[in-house]
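Working notes, structure below.
Numbers restart at 1 for each chain; the letters A, B, ... are given by sequence-line order, proteins then strands.
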Protein chains: 2
Amino acid sequence: MTEDLKLNMDAFLPLRDVVFNTLREAILKGDLKPGERLMELQLAAQLGVSRTPIREAIRMLEQEGLAVTVPRKGAEVAKMTLKGMEDVLEIREALDILACQLACDRITEEQLTVLAEKKKAFEDSLKSGNVKAIAETDVEFHDVIYDATNNPKLVNMLNNLREQIYRYRVEYLKREENYPTLIKEHNAIYDSLVNRNQDGATASIREHVKNQAIAVKEVIIQQG
Amino acid sequence: MTEDLKLNMDAFLPLRDVVFNTLREAILKGDLKPGERLMELQLAAQLGVSRTPIREAIRMLEQEGLAVTVPRKGAEVAKMTLKGMEDVLEIREALDILACQLACDRITEEQLTVLAEKKKAFEDSLKSGNVKAIAETDVEFHDVIYDATNNPKLVNMLNNLREQIYRYRVEYLKREENYPTLIKEHNAIYDSLVNRNQDGATASIREHVKNQAIAVKEVIIQQG
DNA sequence: CCCCTGTACTTTGTATACATTATTCATTAT
DNA sequence: ATAATGAATAATGTATACAAAGTACAGGGG
């Protein structure tokens with residue numbers, strides 16, 4: 001209840017953006033749990049700002065699908081049902097495949113070099129067993145591919161979808177039995193991109209996303 | 001300049017939602033043009049509300065991609081570059097194909113009946129030559145397919161993408177030489193869905209979207 | 001005992017006031 | 001003449017005040 005939210009004042013951003021980032025992080029990390037109410041006065045007091053930036057941040061969270069508000073009742077952290085997650089995963093599969101296909105055509109030699117580095121960093125983090133680091137390096141690996149699409153709107157949508165999966169995916173990354181599969185899949189994706197083999201890339205990323213989907217759904221079923 | 005915006009007070013919605021819908025409509029209809037500034041005080045005066053609901057509506061428009069704000073400078077109607085439109089069309093093609101594939105599996109007999117009706121209504125509106133009606137019936141035809149996916153999040157994203165194309169697509173629908181192609185494409189999509197032919201549906205919708213993409217890009221090139 | 005209702009309280013919705021930053025344009029120095 | 005400067009203006013950013021709606025609970029009547 002007595003959440004320990006604090007603002008990162010480094011950035012010279014409007015408070016609404018700082019509040020938005022803070023709440024977003026809190027939701028993704030699980031500090032704010034699905035269904036938990038987002039009360040303006042309480043949040044304002046905790047973060048030491050007025051209600052105005054809080055309200056604007058909530059409007060933004062709402063559009064990101066991280067919060068749901070009922071008029072005159074207030075906002076709460078979006079709950080994720082199994083059906084909702086299946087819907088998200090369905091979209092994500094299609095867009096991840098698209099991203100990989102585009103990257104196949106457009107990725108530069110430089111980006112391929114970076115991708116190789118990120119792939120290695122991911123493998124190293126798996127050895128370390130630090131789940132937070134694993135999640136981080138995995139994101140970085142896929143970010144290289146996303147950026148290679150040269151389609152910022154697509155990158156945006158994929159990041160948004162990833163957000164909604166994030167909380168559940170962490171559970172998946174805890175299970176060591178998945179590690180060999182993950183390494184194999186990353187290798188397959190990387191090799192396809194290096195060889196500009198679009199069909200191979202499509203197959204690899206589809207496999208990768210589908211496996212993750214299965215695991216994420218299992219987590220939700222266990223929780224709910 | 002002296003826009004004639006007026007609020008629709010029918011709904012018992014918070015003002016932010018009424019303002020949001022009003023501004024959204026104005027942008028899509030072209031009453032508010034790309035690049036036009038959205039000044040809070042001016043809009044508040046025009047709509048007879050305070051700045052608070054205006055600001056919240058702007059935050060929502062922003063997340064929809066219909067407005068862009070620069071901190072401490074203000075918001076303006078999002079401009080659409082050719083590159084931006086290509087990016088949107090790229091995503092839309094992938095998601096429209098996904099929607100059509102899902103619909104192939106999931107569309108009910110009832111929905112197929114409605115789809116037939118909408119197809120006919122579209123053909124009739126083409127004969128009428130009323131562009132607004134054509135745009136409307138076309139949307140309704142595709143909405144049946146979207147709904148048949150049984151994936152509300154996907155429907156949401158597709159509607160959002162369609163919004164961003166809307167203004168330019170209208171030009172496409174003005175050209176009578178396109179009408180036979182449009183009818184043929186709708187028929188192909190409909191037939192594939194009736195026969196639950198997923199490959200056929202994929203090919204049909206891809207063709208349909210690609211043709212539209214070409215036309216929309218031409219419009220942008222002519223304008224810019 | 002249950003339901004209904006009224007009141008106190010909490011929370012959101014909206015308006016407004018104040019603070020800060022950007023812009024404009026005239027003025028001045030080079 | 002042009003560029004830099006600075007005051008005036010106008011816009012956004014933030015806080016607060018007020019209004020209205022929702023919620024919870026106690027007390028009274030059936």
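Comparing C:dT14, D:dA15, D:dT12 by their nearest atom to the side chain of A:Leu15 picks out D:dA15. The listed nucleotides are C:dA15, D:dA15, D:dT12; the one nearest the side chain of B:Pro53 is C:dA15. The side chain of B:Met39 lies closest to D:dA11, out of C:dT11, D:dA11, D:dG13. Listed nucleotides C:dT11, D:dG13, D:dA15 differ in distance to B:Glu40; the shortest reach to its side chain belongs to D:dG13.
Using a 30° and 60° split on the angle between ring planes, B:Phe141 and B:His186 fall in the parallel class, below 30°.
Regarding contacts with the backbone of C:dA15, a side-chain N or O of B:Ser50 is found under 4.0 angstrom from either OP1 or OP2. Taking only side-chain nitrogens and oxygens, A:Arg51 never comes nearer than 4.0 Å to OP1 or OP2 of D:dT14.
Residues of residues 64-76 of chain A that place a heavy atom closer than 4.0 Å to DNA chain D, in numerical order, are A:Arg72, A:Lys73.
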Under 3.5 Å, which donor-acceptor pairs do the side chains of residues 110-117 of chain A form with other protein atoms, sequence neighbours left out?
unit_1, atom_1, unit_2, atom_2, d
A:Gln111, OE1, A:Thr108, N, 3.0
A:Gln111, OE1, A:Thr108, OG1, 3.3
A:Thr113, OG1, A:Glu109, O, 3.0

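Taking atom CD1 of B:Ile58 as the reference point, atom P of D:dT12 lies 7 Å away to the nearest angstrom. Atom-to-atom, CD1 of B:Ile54 to P of D:dA11 comes out at 14 Å; the value is rounded to the nearest Å. The interatomic distance linking A:Phe20 (CZ) with D:dG13 (C1') rounds to 18 Å, in whole Å. Computed from coordinates, the B:Leu41 CG to C:dA17 P distance equals 12 Å when rounded to whole Å.
Taking a cutoff of 4.0 Å between a charged side-chain nitrogen and a carboxylate oxygen, B:Arg55 and B:Glu62 do not qualify as a salt bridge. Using a 4.0 Å cut-off between charged nitrogen and carboxylate oxygen, B:Glu86 and B:Arg92 do not count as a salt-bridge pair.
End-to-end axis angle for the helix from C:dC1-D:dG30 to C:dT30-D:dA1, using five pairs per end and rounding to 10°, comes out at 10°.
Note on A:Leu38: only backbone sugar-phosphate atoms sit closer than 4.0 angstrom, heavy atoms only; bases stay farther off. Counting any heavy atom pair closer than 4.0 Å across all strands shown, A:Arg55 reaches a base atom.
The shortest heavy-atom contact between A:Val216 and A:Arg169 is CG2-CA, 4.2 Å. Shown here for A:Ile58 and A:Ala75, the closest heavy-atom pair between the two residues is CG2-CB, 3.7 Å.
With 3.5 Å as the limit, one finds no donor-acceptor pair spanning the side chains of A:Arg24 and A:Asn21.
Heavy atoms of other residues, nucleotides or ligands lying less than 6.0 angstrom from NZ of A:Lys29 number 12 at most. B:Lys79 NZ: 12 or fewer foreign heavy atoms inside a 6.0 Å radius.
Between B:Arg37 and B:Glu56, the one whose closest nucleotide on DNA chain C sits nearer the 5' end is B:Glu56.
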